[in-house]
Amino acid sequence: MEQPTDDCEGAVAQQLDQEQESLGTLIDHLEIVVTEAEKRTNGALNIREFYTVYLVETKLLKGSKWPNSRELSSLWRRYSQFEMLKLYLENMYPFVVCPCLPEKKAGLETFLIRVASHPIICRDVVLLMFLQQNEGWQDKLKDYAGYITKAESKLKSLSLPSRLKNPDKRFEVYHKYGSDLHLNISSTLKLRSKALEKQYCLHKLHANYGRVFSEWSAIEKEMGDGLQRAGHYMDSYASCIDSTLEEEELVADQLKEYLYLANSLQSVCRKQQIMQLNLERAMAVVDSKNIEKQRIQQGKSSLMSRLFGAVDSEEIREAKLEELEHKITQENNSVIVAQADLNKFTMNALEDIQRFQNQKNQDLKETIRAFATLQVKASRKNLTVWTHMRDCLTSIP
């Protein structure tokens with residue numbers, strides 16, 4: 001006996017999904033880099049607009065196969081186009097803790113690598129078009145322009161915690177965690193900035209030692225060479241902070257990424273609250289309609305209505321009940337749809353939040369360890385300079 005067409009299509013779709021899952025993620029097959037930035041202008045001479053474009057290059061890895069992917073691509077993208085892509089992804093995958101979009105070039109590359117590493121987002125056709133095609137991808141985004149702005153505006157206008165009758169405790173916990181994570185990372189970055197500022201000033205002050213020792217060496221015969229070398233080491237000590245600053249800035253950028261991701265986590269929780277609120281409102285409408293139905297039924301058969309007469313005739317009441325039953329059926333269907341949407345969103349969101357938590361634990365552990373390694377490296381460099389300084393002074397006759 002032949003299976004129905006829908007079953008066949010479902011089986012084919014399931015097989016395709018399994019084949020795609022076996023491929024892993026896009027980043028396993030495609031190298032993605034943002035190699036350079038370029039300033040450009042457009043418009044007339046008197047009203048020129050200056051903007052920056054970024055060169056996005058991709059290369060299919062040897063032996064890899066990814067559906068519809070080109071072997072090589074190289075194209076320019078404006079920052080506003082990165083923003084369009086992010087808005088699209090947030091709309092299409094509202095349950096995903098969407099990667100952040102920093103302003104720096106390195107951050108743009110990290111953003112693309114993050115989305116290409118995501119097990120769901122990486123299979124999006126628009127993402128691959130953004131990476132490898134100059135034309136066509138923006139046409140698919142027109143329906144999503146301004147979506148997030150409107151959604152965030154709606155979220156801010158609602159006092160959800162006080163409005164929800166049955167909030168999901170899991171998302172309340174995650175929302176608070178996102179707030180706490182943001183606060184702790186922000187405090188860490190502030191403390192690091194203050195400490196580094198003082199450290200920078202301290203190192204630069206040692207350049208004065210270098211100047212003084214060099215000047216002093218000019219008036220000394222026996223101590224001159226030793227003081228001159230000591231002055232050079234003090235100059236070296238003063239300048240070594242510059243490379244340390246550059247290396248620490250990379251670590252700070254990694255922390256800042258999770259500053260934005262904490263906001264993204266909270267956004268997912270707020271979306272769940274909006275869907276919960278929509279469900280509760282739909283259920284409230286059904287309850288209201290059922291109360292109205294009961295009143296009409298009581299008015300139809302009550303003793304008082306028989307003694308004093310009813311305003312509506314039997315036919316009118318029957319018509320009202322029939323119309324009300326139809327509305328109740330429609331509203332019940334709305335409740336069923338809202339409940340199904342909420343259940344699906346909740347399942348997907350909780351799964352992605354767990355993925356986010358696992359990734360966060362790994363990334364932050366590596367980031368903090370890298371920060372500690374930098375401090376050890378800087379301390380060793382400082383120890384070496386002071387050791388040479390001591391040896392120079394010891395060698396003076």
Side-chain angles (χ1 to χ4, degrees), residues 33-39 52 54 100 102-110 180-262 360-397:
V33 292
V34 178
T35 56
E36 60 179 289
E38 182 178 293
K39 294 285 186 180
T52 304
Y54 304 89
C100 60
E103 295 182 359
K104 295 183 179 179
K105 185 188 75 169
L108 296 178
E109 182 177 308
T110 300
D180 293 341
L181 179 63
H182 187 280
L183 177 62
N184 283 290
I185 292 178
S186 179
S187 298
T188 300
L189 288 169
K190 288 178 181 177
L191 289 171
R192 174 243 170 210
S193 179
K194 289 181 179 179
L196 202 58
E197 182 180 356
K198 292 182 179 179
Q199 189 179 358
Y200 179 83
C201 293
L202 178 63
H203 273 259
K204 291 305 179 183
L205 278 173
H206 281 73
N208 293 327
Y209 282 123
R211 176 180 56 79
V212 170
F213 286 162
S214 296
E215 293 175 355
W216 189 359
S217 67
I219 64 172
E220 298 288 349
K221 293 183 179 180
E222 295 181 353
M223 297 175 56
D225 291 341
L227 287 171
Q228 185 70 32
R229 290 198 303 272
H232 290 323
Y233 283 122
M234 286 295 95
D235 291 337
S236 174
Y237 182 82
S239 62
C240 71
I241 189 63
D242 296 325
S243 60
T244 301
L245 281 175
E246 293 177 1
E247 292 175 323
E248 281 202 22
E249 193 62 32
L250 296 176
V251 174
D253 287 342
Q254 294 169 4
L255 282 176
K256 288 175 185 176
E257 181 186 12
Y258 273 91
L259 199 64
Y260 299 119
L261 283 170
K360 176 214 65 182
N361 292 341
Q362 179 182 344
D363 289 346
L364 291 184
K365 180 180 70 175
E366 292 178 358
T367 298
I368 296 173
R369 184 173 60 187
F371 178 75
T373 301
L374 283 177
Q375 304 312 307
V376 171
K377 179 181 175 181
S379 298
R380 286 175 176 171
K381 188 183 295 184
N382 295 340
L383 179 61
T384 300
V385 170
W386 282 107
T387 300
H388 287 313
M389 174 80 170
R390 181 199 62 191
D391 294 342
C392 286
L393 298 175
T394 303
S395 65
I396 295 176

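- What you find for Ala370 and Val251 is that their closest heavy atoms are CB-CG2, 4.4 Å.
- Atom CG of Asp225 has 12 or fewer heavy atoms from other residues, nucleotides or ligands within 6.0 Å.
- Under a 3.5 Å cut-off, the side chain of Thr384 and the backbone N or O of Arg380 do form a donor-acceptor pair.
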Residue pair Lys360, Asp363: steps toward the side-chain contact (heavy atoms from CB on, under 4.5 Å) verdict = CA-CA 5 Å; Lys360 176 214 65 182; Asp363 289 346; 5.9 Å; no

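- Between Leu374 and Thr244, the closest side-chain pair of non-hydrogen atoms is not below 4.5 Å.
- Here Leu202 contributes atom CG and Glu197 contributes atom CD; the two are 12.5 Å apart, rounded to the nearest 0.5 Å.
- Between Ser217 and Met223 the shortest side-chain heavy-atom distance does not fall below 4.5 Å.
- Minimum heavy-atom separation, Glu257 to Cys100: CG-SG, 3.3 Å.
- When all heavy atoms of Gly231 and Ser214 are compared, the closest pair comes out as CA-OG, 4.5 Å.
- The environment of CD in Glu222 is sparse: at most 12 heavy-atom neighbours from other residues, nucleotides or ligands sit within 6.0 Å.
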Take Arg211 and Asp235, measure what side-chain contact (heavy atoms from CB on, under 4.5 Å) needs, and give me the verdict at the end.
-> CA-CA 8 Å; Arg211 176 180 56 79; Asp235 291 337; over 6 Å; no

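- Note that the CG atom of Asp253 and the OG1 atom of Thr110 stand 8.0 Å from one another [nearest 0.5 Å].
- Asp242 has its side chain within reach of Tyr200: a pair of non-hydrogen atoms, C-beta onward, lies under 4.5 Å apart.
- Of all non-hydrogen atoms in Leu108 and Val34, the two that sit nearest each other are C-CG2, 4.2 Å.
- Between the side chain of Gln254 and the main chain of Thr367, no donor-acceptor pair closer than 3.5 Å is present.
- Within 6.0 Å of NZ on Lys377 lie no more than 12 heavy atoms contributed by other residues, nucleotides or ligands.
- A 4.5 Å side-chain heavy-atom check between His388 and Ser236 finds every atom pair outside the cut-off.
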Kindly determine whether Trp386 and Tyr237 satisfy side-chain contact (heavy atoms from CB on, under 4.5 Å), including the steps that lead there.
-> CA-CA 8 Å; Trp386 282 107; Tyr237 182 82; 3.5 Å; yes

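- Leu227 and Phe213 make their closest contact through O-CB, 3.5 Å (heavy atoms, listed as atom of the first residue, atom of the second, distance).
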Could you please spell out the steps behind the side-chain contact (heavy atoms from CB on, under 4.5 Å) verdict for Thr52 and Glu38?
-> CA-CA 6 Å; Thr52 304; Glu38 182 178 293; over 6 Å; no

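- Met234 and Val385 make their closest contact through CE-CG1, 4.3 Å (heavy atoms, listed as atom of the first residue, atom of the second, distance).
- Salt bridge status for Arg192 with Glu249: present, with a side-chain N to carboxylate O gap under 4.0 Å.
- When ring centroids are compared, His206 and Tyr209 come within the 6.0 Å threshold.
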